[in-house]
Amino acid sequence: MTDDRLSALLREASRLEHDIRNGEGPDLGEDVARRLRDSVITPLRRAAGGNGEPGGDGGAGAGVYASDGTGGDGAGGGVYASDGVGGDGGVGAGGTPAERLWALTVAATAERARAAGTASAGLQEATAALQALSLPAAGGGDGDGDGAERLAELRRLMAGVESGIEVAEDGPYLAANVTLYSWLGERIATCPQVALCRCGASETKPLCDGSHSRIGFSGAKDPKRVPDQEDSYPGVGVTVLDNRGLCAHSGFCTDRLASVFRLGREPFVAPSGGRVDEIIAAVRACPSGALGLAIDGREAREVADPVREPAVEVSKDGPYRVTGGIRLTGEGGAAVPRNRGASPEHYSLCRCGHSLNKPFCSGMHWNTSFKDPVPDPDGEVTLFEWTGGLPALTRMTRLFYGKLVPEDPLIGPLFASMSPDHPIRVAKWLGEVFGGPRAYSEGYGGYERMISQHVGRCLTEEQRARWVALMCRAADQAGVPQDAEFRAAFVAYLEWGSRIALENSQHDAQPPAHMPVPRWWWVCDATPGARVSALAVPEEKEPVALPADGEAVSYGAHIRSLFRPQDRNAMRFAFDLWSCEDVRTHAEEILKRLRGGTMPCDGAWPAEWVTAFERWTETGMAE
């Protein structure tokens with residue numbers, strides 16, 4: 001891409017940012033102007049090498065550029081993209097700031113696509129920001145209307161760009177045509193070009209918001225990092241390879257196969273402590289690629305690396321976990337150097353900004369207490385979320401069908417001819433039932449498809465009961481939560497669902513047609529946090545501020561602090577103790593229970609607390 005084109009993009013972005021700040025784009029606002037400055041103008045200026053500074057003299061109405069590389073021609077010049085894709089307004093054409101933003105996005109995307117593998121990091125970062133800004137301005141991404149049409153247009157423009165991740169020097173990960181998933185296995189709607197935060201400071205995680213420039217982020221490796229050394233641990237039938245210098249400390253190996261991967265002990269790996277199939281599964285599950293295998297003295301990457309679709313998981317409070325062999329390059333297109341023995345199929349990229357082995361994760365997110373924003377701290381968690389989402393359910397079903405079922409003479413023959421994807425299908429079914437995405441319905445056909453798998457099989461009560469028992473055992477081995485509230489709901493569904501399957505499998509059964517996929521919930525509203533566990537570490541209570549004699553009592557200053565988070569959780573099935581309006585509505589009943597010592601259920605309030613609440617009810621219940 002020529003400097004003239006970069007300069008033209010930069011001038012248009014600068015004018016647009018200036019106009020929005022001066023009130024010409026009330027439909028966009030200050031936040032869009034800030035993102036234009038930090039994530040579009042700054043990287044474009046860096047890419048232009050000093051050319052095309054904001055406020056350049058391209059003319060009051062100069063557009064972005066023409067397909068032949070010339071700039072706009074003054075007052076009549078609008079934004080123009082290659083391949084006949086024109087903007088739907090543009091500054092020169094008298095469009096609104098929102099229309100100009102979209103036109104600029106199309107132009108930048110077309111240039112990024114034309115440059116393909118030679119596109120500068122600055123152009124990629126600016127394009128990613130423009131795409132992210134344009135779709136919300138159109139009212140959505142994958143939804144209906146302009147948002148969906150615009151997303152389709154951007155994808156069409158970038159269809160020829162190879163999927164990959166480029167690590168910008170001291171900047172974000174620039175991902176083109178990659179699929180992102182949350183730690184729960186839910187697909188994250190993204191544009192074809194995204195800039196993923198790696199400094200840890202973005203307020204729009206996982207997307208970059210330009211914070212790396214403001215905080216002076218450095219992408220350099222730390223000289224004190226763990227040395228790049230691959231160790232070998234010979235065992236019976238298999239040798240385990242391990243490079244501690246690449247480990248991201250996710251704990252999958254030590255948590256799931258502690259007899260082989262021994263936390264805090266030397267040697268770390270004891271390959272004779274587990275079966276070969278268990279060791280292979282643990283190596284494959286290592287998200288950093290630090291673990292490998294050797295068979296008969298030869299490294300066996302084909303065994304250690306599963307075959308997976310290219311994808312990026314945004315792990316919970318941790319790194320980006322990349323699978324499927326997505327190409328990883330630095331600026332300029334050269335492959336990022338890897339540690340000895342590193343897997344080319346999967347790797348973990350730092351997201352907290354403090355890794356000692358950038359761009360790869362070194363586990364520093366644990367030391368720095370890196371946390372993602374909580375989407376809705378007051379929302380009720382679903383069974384799907386509490387389980388750990390699709391990854392946890394898939395781990396459970398693979399253990400069930402791959403390990404427990406084949407060993408069982410009663411139900412093993414039922415699944416002797418099952419398809420290879422049967423475990424993931426059951427995991428998606430359970431995920432949908434437990435409140436997750438409609439992955440089973442959209443991928444396989446919903447309730448009727450599930451029913452069809454049981455019709456005519458004539459299952460017995462003994463087989464049904466064994467299925468439930470082994471599923472519970474698989475849940476234990478997979479590390480699915482064991483708290484009483486979750487297991488009550490989990491086992492209740494297994495019992496209910498398996499009995500429905502038993503009914504539907506009989507020769508004379510006539511299952512009702514067109515039934516929806518069931519949606520399961522917490523049993524009797526017993527949700528996590530509604531009960532104080534006897535093993536829980538006592539929580540720090542927020543200070544209580546009791547009213548002084550003669551002081552007016554208010555909910556905000558005095559009453560709210562009397563209710564602990566566990567009190568709130570225990571009563572949320574009925575009302576919210578942290579809502580002044582709810583407490584007002586139920587004040588008489590609350591006071592009755594406080595006087596009787598039955599609220600909270602784990603111990604009566606001190607007399608002075610009850611008196612403060614009583615005074616509040618008698619003096620108008622001020623907010």
_Any Arg214 side-chain heavy atom under 4.5 Å of Asp209 side chain_ =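 A side-chain contact exists here, since the closest heavy-atom pair is under 4.5 Å.
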*So do the side chains of Pro310 and Ile326 get within less than 4.5 Å of each other, counting heavy atoms only?*
yes
_Arg338 to Tyr347, cation-pi by 6.0 Å centre distance and 45° axis angle_ = yes
With no hydrogens and no angle check, is any side-chain donor or acceptor of [X] less than 3.5 Å from a backbone partner on [Y]?
X	Y	value
Asn177	Val161	yes
Ser250	Phe252	no
Thr394	Pro391	no
Ser343	Gly289	no

Would you say [Y] and [X] are linked by a side-chain donor-acceptor pair, where the criterion is simply a distance under 3.5 Å?
X	Y	result
Glu432	Ser441	yes
Gln229	Arg244	no
Ser348	Ser288	no
Asn243	Asp228	yes
Arg198	Ser355	no
Arg45	Thr42	no

For [X] versus [Y], what's the shortest heavy-atom pair and its separation?
X	Y	value
Glu166	Gly330	CG-O, 3.6 Å
Cys191	Gln131	CB-OE1, 3.1 Å
Asp372	Asp317	N-OD1, 2.8 Å
Leu393	Phe384	CD1-CD1, 4.2 Å

*Looking at Ser315, Pro287, Cys197, Pro359, which one forms a side chain to side chain contact (heavy atoms under 4.5 Å, CB included) with Tyr320?*
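With Tyr320 as partner, side chain to side chain contact (heavy atoms under 4.5 Å, CB included) holds for just one option, Cys197.
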*State which residue, out of Ile41, Thr204, Val40, Leu130, fulfils the side chain to side chain contact (heavy atoms under 4.5 Å, CB included) condition with Arg35.*
Thr204
*Could you go step by step and tell me if Trp102 and Thr96 meet the side-chain contact (heavy atoms from CB on, under 4.5 Å) rule?*
CA-CA 10 Å; Trp102 169 240; Thr96 66; over 6 Å; no
Electrostatic pair [X]-[Y], nearest N-O below 4.0 angstrom:
X	Y	value
Asp305	Arg284	no
Arg34	Asp31	yes
Glu203	Lys205	no
Arg301	Glu345	no
Arg340	Glu230	no
Asp19	Arg21	no
Arg150	Glu153	no

Supply the atom-to-atom distance [X] [atom1] to [Y] [atom2], rounded to the nearest 0.5 angstrom.
X	Y	atom1	atom2	value
Leu101	Leu28	CG	CG	6.0 Å
Phe217	Asp170	CZ	CG	7.0 Å
Leu154	Glu149	CG	CD	12.0 Å
Glu125	Ser213	CD	OG	6.0 Å

